[in-house]
2 protein chains.
Amino acid sequence: MAVKKHDVERNPAQFLQERGFRLTPQRLMILAAITESQKHISAEEIYARVSAQYPQVNISTVYRTLALLKEQGLVTETDLGEGRVRYHAADKGHHHHLVCQSCGAIFDLDEALLEPLERSLLDEYNFEADIRHLAIFGRCSRCRQRAAPAKGQEVIDAHP
Amino acid sequence: MAVKKHDVERNPAQFLQERGFRLTPQRLMILAAITESQKHISAEEIYARVSAQYPQVNISTVYRTLALLKEQGLVTETDLGEGRVRYHAADKGHHHHLVCQSCGAIFDLDEALLEPLERSLLDEYNFEADIRHLAIFGRCSRCRQRAAPAKGQEVIDAHP
DNA sequence: TTGCGTGCAAACGGTTTGCAGGAAC
DNA sequence: GTTCCTGCAAACCGTTTGCACGCAA
């Protein structure tokens, strides 16, 4: 069944066109790379994908297109603490990540879990949280089991 | 009363020394800059402070020292989404930030508010969250009042 | 035909590295 | 006297920019 290629490509494309932006092959391919990607994708990865079928694209076009798509609300950014930002189609909905600091695994986190937090931020601080992509760092289930005795990784008590 | 300079300087310094690291003037001054800073401080800011009294320091020394201090658990990092990391003495305790995307203001957030989240991550995902510094983006009370009609800033439904 | 979007190359800002000389122990 | 730490300079990496050409509309 794969991805409904035409749908995912046509809607954002149409959206851009209606706004007066030109539909160039580069933009369409960049859009496709993002919407077809299962996970969050970085600018470099988009560039790699696109240039595989269209070698003359330039990385700066990728960045300019990403800026446009973000501006138009078609993609959102996530900072997973890697020193680089990742992108993701806005229509795929928001979700959050648990990033394991031991093994690097990334787990998706149900949005609902953050609702209580959002509510109390609103109630107690009158702060309207925009939690579209949140990365929470820590240690995953598997790594916890493997290293059961330890409780934290940079704890200051170490007496070797 | 100010900061108890000797205490804050001596403890981490002593700690480093006991671990076999040398106590150089550069390290002491960098340590002092961090512990004396009220708010989170960036590498560049540390460099500026230190080089004010010791012009020959190099920014690379700041980075190397920060890496050491982080490794030894004496400072922790926060990523406030500025494209640069900020540092903060570990013994000042953990706290979190509400970052207003409209006006840039940064508010401190009580650690207790995150406990329910941490607990449910542990319960439901067996994930041991290491939430030492979290930045939550959104819109602060004042900016919400000022722009009451809007509900989100990049919402996709816009029909101008 | 018009002007937006692109490729190119160079610059950016924050951070990291190799090296040789100098200081802490 | 060793060895670790530093300053220097250059490289790094992801990202941004100025410019002239070319293509979508």
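Naming: A, B, ... by sequence-line order, numbering from 1 per chain.
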Which whole-number value in Å describes the distance from [X] [atom1] to [N] [atom2]?
X: Y54(B); N: dG22(C); atom1: OH; atom2: P; result: 14 Å
X: F21(B); N: dC5(D); atom1: CZ; atom2: P; result: 7 Å
X: N58(B); N: dG22(C); atom1: CG; atom2: P; result: 16 Å
X: L68(A); N: dT6(C); atom1: CG; atom2: P; result: 9 Å
X: E45(A); N: dG14(D); atom1: CD; atom2: C1'; result: 13 Å
X: Y47(B); N: dT6(D); atom1: OH; atom2: C1'; result: 13 Å
X: I30(B); N: dT6(D); atom1: CD1; atom2: C1'; result: 10 Å
X: I59(A); N: dA10(C); atom1: CD1; atom2: P; result: 18 Å

| task | May I ask you to decide if A33(B)'s main-chain N or O and S37(B)'s side chain share a donor-acceptor pair within less than 3.5 Å? | result | no
Below 4.0 angstrom from OP1 or OP2 of [N], is there any side-chain N or O of [X]?
X: Q17(B); N: dA24(C); result: no
X: Q26(B); N: dA23(C); result: no
X: T61(A); N: dG7(C); result: yes
X: T24(A); N: dT6(C); result: yes

| query | Considering heavy-atom distances to DNA chain C, does P55(A) or E44(B) have its closest nucleotide positioned more toward the 5' end? | reply | P55(A)
Which is true for [X] with a 4.0 Å heavy-atom rule: it touches a base, it touches only sugar-phosphate, or it touches nothing?
X: P25(B); result: sugar-phosphate
X: R22(B); result: base
X: R64(B); result: base
X: S42(B); result: nothing

| said: Let's go through D123(A) and R119(A) carefully: what are the C-alpha distance in whole Å and the side-chain angles of both, what is the deciding distance for side chain to side chain contact (heavy atoms under 4.5 Å, CB included) to 0.1 Å, and is it a yes or a no? | reply: CA-CA 6 Å; D123(A) 289 351; R119(A) 203 171 313 120; 4.1 Å; yes
[X], nearest nucleotide to its side chain (from [options]):
X: Q56(B); options: dT15(D), dT15(C), dG7(D); answer: dG7(D)
X: S60(A); options: dA9(D), dG14(D), dG7(C); answer: dG7(C)
X: R84(B); options: dG14(D), dG14(C), dT6(C); answer: dG14(C)

| I46(B) side, atom CD1; M29(B) side, atom CE - distance, nearest 0.5 Å | 12.5 Å
| message | Once you measure the plane-to-plane angle for H40(B) and H88(B), does it fall in the parallel (<30°), tilted (30-60°) or perpendicular (>60°) bin? | response | parallel
| said: Among I30(B), L28(B), I59(B), exactly one meets side-chain contact (heavy atoms from CB on, under 4.5 Å) together with V50(B). Which residue is that? | reply: I30(B)
